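A quick note: this is a predicted structure, and the numbers were derived from the prediction, not measured. Throughout, a chain's letter reflects where its sequence line sits, starting with A, and its residues are numbered from 1.
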Amino acid sequence: MKDRIAELLQKAVETLTTEGVIPAEAAPTVEVEPARDRNHGDFASNIALKAAKPAGMKPRDLAERIVAALPGDDAIRKVEIAGPGFINLFVSHASQFDILRTIREQGREYGRQDLGQGKSVQVEFVSANPTGPLHVGHGRGAAYGASVSDLLEAVGYSVHREYYVNDAGRQMSILALSVWLRYLEQGGESFTFPANGYRGDYVLPIARQLREDAGDSLQHPAATVFSGIPADEPEGGDKEAHIDGLVQRARELIGEEAFARVFDLALNAILTDIKEDLAGFGIHFDEWFSERSLRPDIEDALQRLERNGHLYQENGATWFRATTFGDDKDRVVRRDNGETTYFASDIAYHLNKFERGFDKVINVWGADHHGYMARVRGAIEALGVDPGRLDIQLVQFAILYRGSERLSMSTRSGSFVTLRELRDEVGKDAARFFYVTRKAEQHMDFDLELAKSESKDNPVYYIQYAHARVCSVLEKMRAQGLDSSVSLEPAILEHLELEEEKDIAAMMARYPEILGKAAEALEPHQLTHYLRDLAGQFHSYYNAHKVLVDDDPLRQARVALSLAVQQVLANGLELLGVNAPESM
RNA sequence: GCGCUCGUAGCUCAGUUGGAUAGAGCAACGGCCUUCUAAGCCGUAGGUCGCAGGUUCAAGUCCUGCCGGGCGCGCCA
């Protein structure tokens, strides 16, 4: 309907340009918006205000010329000029409720469209280090990435969901060490656990598994393990040197091969756990991309940068000239000891992404990574890739409270609330929804006490309840022996005479547009707010007017409207990974 | 210090290519269940859109400066 009106106005503007009223080269594009205020009709356009200056006319005078030039259309009931020069259009009753037919015909497909035209998009999200279970801080990125992916798919993109597994590097070695140390403890050894080790309880079952697999073959006396290791931080030493020394010692004592087995055991145990957590949230990935698998590609990527002239040597290290691309400083890609940095892996990873041919790559990162954006953008540009193909979305971590107490979420200390705990207590639906009700880059307070004790106040229940209410009406209707197949004939729909009914229909007509905007802007919160508004309108309507009235045509009309609401709510909730229950 | 980001009701937040009288939830107060689910509805109250300039028919929205909060600034990952 909106497009149809925009076309009419466009024609009117064209007529005026050929008449020379509006200069052709300065004719602004026509914008039409659903009117905010009922008194302003159904749709409004500001075209006269925009074109007034180039035309050298007063906005209201121009508006009158435009209205006069408007082609006739039986969908338009009335046209008014208001305020400084807005053109307000009133739509005919039949056109207003056409949307009910569309929704019924398209059903679950209603709202889906082809903005993306099959272009491929990769969405990389979560990508938390597999050194421990996911905690509530990761949940937001997970829910956001999943909803963004689903939205993009709904508007016609081909979406590839990916998790980058940091299965190489020092942190994983420290995890393997932590598992082995717990194994030693379980074998009867006693010592002070390193300050920088992973102390969480989740390490214990992995250590027990290690004992089942390896028996006592990896057991060594604590005295041997710790002899000659630099002092730990609590003893006035350096915790980094201490832990590195221990990792080195472990490799020597049990051998590289056994250390690699411990490493893989820990990695797999935690990755399995992470996958289960995400699956419980209704989140699935197309690919779990291993950082280790990238090793051979790192040299290639660096050579490519070298060829493009973006690397140089200094102080024995190899640097990427990131400042060329607007970064604050140049960045090391190869240390003076010959090892490549994490950044070098990331360069190779991004090159790999683009070589896989994705039209667009979206990285969902924690907001603490924002200092990292410039160098990654710079690197892909230096590799000769159009940086416009990379979109980095920062997600602020939720600040977690228990009542007024702010909780720390350090994986290492083990004092965090896991995503699984959250799901057990708040439920999947509420958690998924809550995480995406706020703009991603907006800071978010997450009070566990509130989420747990007052979960009924969560807006997700409000929307689900609206859906369930429609189901309940249908149930009641069947119980009364009434035919639930309602007609959408004009003779029926003309009984929808209330302003509320018109508003609800107009709102549902906007759903595809909302979906498109939310997807293109990568902002699922637009959808959550829309659904809440629609549910609210329906709740008001439901309270004020009975659906199952005796009058047969009126009842059919109201049931038809309710069914459409049910459909739109269900479609929207599905994209957010939230159930649409039939009863509550 | 430099960079990014945010600042809207008591609290948590919407307000998206600049549009008409700035909105919701929670909290507060007052109503509505013999009628389709009260996880709901109706009403009241609550605002210098951080501050000051600027751009224009029009600024919460764009620009500049300042103030305040958060984050980042490793040959860590």
Side-chain angles (χ1 to χ4, degrees), chain A residues 29 31 33 35-37 39-40 44-46 48-50 52-53 58-59 82-86 88 129 131 166 168-172 174 240 291 314-319 326-329 331-337 339-343 345-346 366-374 394 396-397 399 437-439 441-447 450 454-466 468-477 479-480 517-518 520-521 523 525-526 528-530 532-533 535-536 538-549 555 558-559 562 583-584:
Chain A
T29 50
E31 290 170 32
E33 287 184 345
R36 292 186 186 173
D37 187 325
N39 296 324
H40 299 148
S45 178
N46 60 358
L49 291 163
K50 291 229 159 180
K53 193 164 228 178
K58 287 182 184 169
F86 289 101
N88 294 335
N129 281 348
T131 51
N166 296 118
R170 180 164 170 266
Q171 294 306 324
M172 283 304 299
I174 294 175
E240 306 292 348
E291 181 187 353
E314 190 175 298
N315 298 333
T318 307
W319 299 69
D327 199 1
D328 294 340
K329 48 188 84 166
R331 308 290 175 176
V332 172
V333 289
R334 191 193 306 280
R335 290 188 270 269
D336 55 7
N337 65 8
E339 284 179 35
T340 53
T341 60
Y342 175 82
F343 178 45
S345 295
D346 239 3
D368 54 338
H369 282 65
H370 78 247
Y372 201 69
M373 290 168 66
L394 295 181
Q396 284 287 347
F397 277 121
I399 303 167
T437 38
R438 306 277 137 80
K439 248 192 316 220
E441 68 266 30
Q442 183 70 254
H443 298 262
M444 182 167 91
D445 288 349
F446 199 134
D447 183 347
L450 207 70
E454 298 184 45
S455 62
K456 285 179 181 176
D457 291 331
N458 196 304
V460 68
Y461 295 100
Y462 184 85
I463 299 168
Q464 290 181 317
Y465 186 45
R469 271 185 150 171
V470 179
C471 297
S472 147
V473 168
L474 293 179
E475 192 50 44
K476 183 94 176 180
M477 192 164 65
Q480 290 177 2
K517 277 188 180 169
E520 301 255 281
E523 293 184 347
H525 79 273
Q526 290 196 47
T528 66
H529 284 94
Y530 169 82
R532 213 213 165 270
D533 287 348
F538 182 74
H539 281 309
S540 292
Y541 173 66
Y542 180 94
N543 268 273
H545 307 285
K546 192 165 172 167
V547 175
L548 297 180
V549 291
R555 185 183 65 245
R558 288 186 173 174
V559 169
S562 305
S583 67
M584 294 179 72

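- A cation-pi arrangement is not found for A:R469 relative to A:F538, the charged atom failing to lie both closer than 6.0 Å to the ring centre and inside a 45° cone about the ring normal.
- The aromatic rings of A:Y372 and A:Y342 lie tilted to each other, with the angle between the two planes from 30° to 60°.
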Contact state string [nucleotides 16-23 of chain B, B base, S sugar-phosphate only, - no protein heavy atom under 4.0 Å]: BB-BBB--
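- Comparing the C1' positions of B:U17 and B:A77 gives a spacing of 39 Å, expressed to the nearest Å.
- In this entry B:A45 has no Watson-Crick or G-U wobble partner, no candidate having both defining distances under 3.5 Å.
- At a threshold of 4.0 angstrom between heavy atoms, the contacts of A:D533 with the nucleic acid are absent.
- Side-chain N/O atoms of A:Y462 include one lying less than 4.0 angstrom from OP1 or OP2 on B:C41.
- Below 30°, between 30° and 60°, or above 60°: for A:H545 and A:Y541 the angle between ring planes is between 30° and 60°, a tilted geometry.
- Under a 3.5 Å cut-off, the side chain of A:N337 and the backbone N or O of A:E339 do form a donor-acceptor pair.
- Using atom P as the reference point in both B:G47 and B:C63, the two lie 29 Å apart (nearest Å).
- At the heavy-atom level, A:A317 lies under 4.0 Å from base atoms of the strands shown.
- Nearest-nucleotide mapping onto RNA chain B: of A:P59 and A:H545, the residue sitting toward the 5' end is A:H545.
- Here the separation of B:G23 from B:G15, taken at their C1' atoms, is 7 Å to the nearest Å.
- Residues A:Q171 and A:N129 bring no donor and acceptor atom of their side chains to less than 3.5 Å of each other.
- Residue contacts shown for A:F343 are absent, as no nucleic acid heavy atom lies under 4.0 Å away.
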A:K50/A:E31 under salt bridge (charged side-chain N to carboxylate O under 4.0 Å, His left out): CA gap, chis, key distance, verdict: CA-CA 10 Å; A:K50 291 229 159 180; A:E31 290 170 32; 3.4 Å; yes
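- When both distances must be under 3.5 Å, the Watson-Crick or G-U wobble mate of B:C4 is B:G70.
- Under 4.0 angstrom from either OP1 or OP2 of B:A77 there lies at least one side-chain N or O belonging to A:R335.
- Between A:R558 and the phosphate of B:C36, there is no side-chain N or O to OP1/OP2 separation shorter than 4.0 Å.
- Residue contacts for A:K58: at a heavy-atom cut-off of 4.0 Å it reaches no nucleic acid atom on any strand shown.
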Full working for salt bridge (charged side-chain N to carboxylate O under 4.0 Å, His left out) between A:E240 and A:R170: CA-CA 11 Å; A:E240 306 292 348; A:R170 180 164 170 266; 2.3 Å; yes
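- Checking the phosphate oxygens (OP1, OP2) of B:G74, a side-chain nitrogen or oxygen of A:K329 falls inside 4.0 Å.
- Across all strands, A:D328 comes closer than 4.0 Å to no nucleic acid atom at all (heavy-atom distances).
- With both ends at atom P, the span from B:G10 to B:G50 equals 13 Å, rounded to whole Å.
- Within 4.0 Å of A:S540, counting heavy atoms only, lie sugar-phosphate atoms of the nucleic acid but no base atom.
- Within 3.5 Å, no donor on the side chain of A:H529 pairs with an acceptor on the base of B:G15, nor the reverse.
- Rounded to whole Å, the C1' atom of B:G43 lies 33 Å from the corresponding atom of B:A59.
- Separation of the P atoms belonging to B:C49 and B:U21 is 15 Å when rounded to the nearest angstrom.
- A gap of 10 Å separates the P atoms of B:C62 and B:G7, to the nearest Å.
- Among the protein residues, A:R532 comes within range of the sugar-phosphate backbone only, with heavy atoms under 4.0 Å from sugar or phosphate atoms but none that close to a base.
- Under 4.0 angstrom from either OP1 or OP2 of B:C36 there lies no side-chain N or O belonging to A:R555.
- Between A:Y542 and A:A367, the one whose closest nucleotide on RNA chain B sits nearer the 5' end is A:Y542.
- Counting non-hydrogen atoms under 4.0 angstrom, A:A168 reaches the backbone sugars and phosphates but no base.
- Annotation: B:U48 and B:U16 have their C1' atoms spaced 25 Å apart (nearest Å).
- B:G65 is paired with B:C51 under the criterion used here, namely a Watson-Crick or G-U wobble arrangement in which both key atom distances are under 3.5 Å.
- A:H539 comes within 4.0 angstrom of sugar-phosphate atoms only, judged by non-hydrogen atoms across all strands, and of no base.
- OP1 and OP2 of B:C75 both lie 4.0 Å or more from every side-chain N or O belonging to A:T318.
- Base orientation of B:C32: anti (glycosidic angle beyond 90° from 0).
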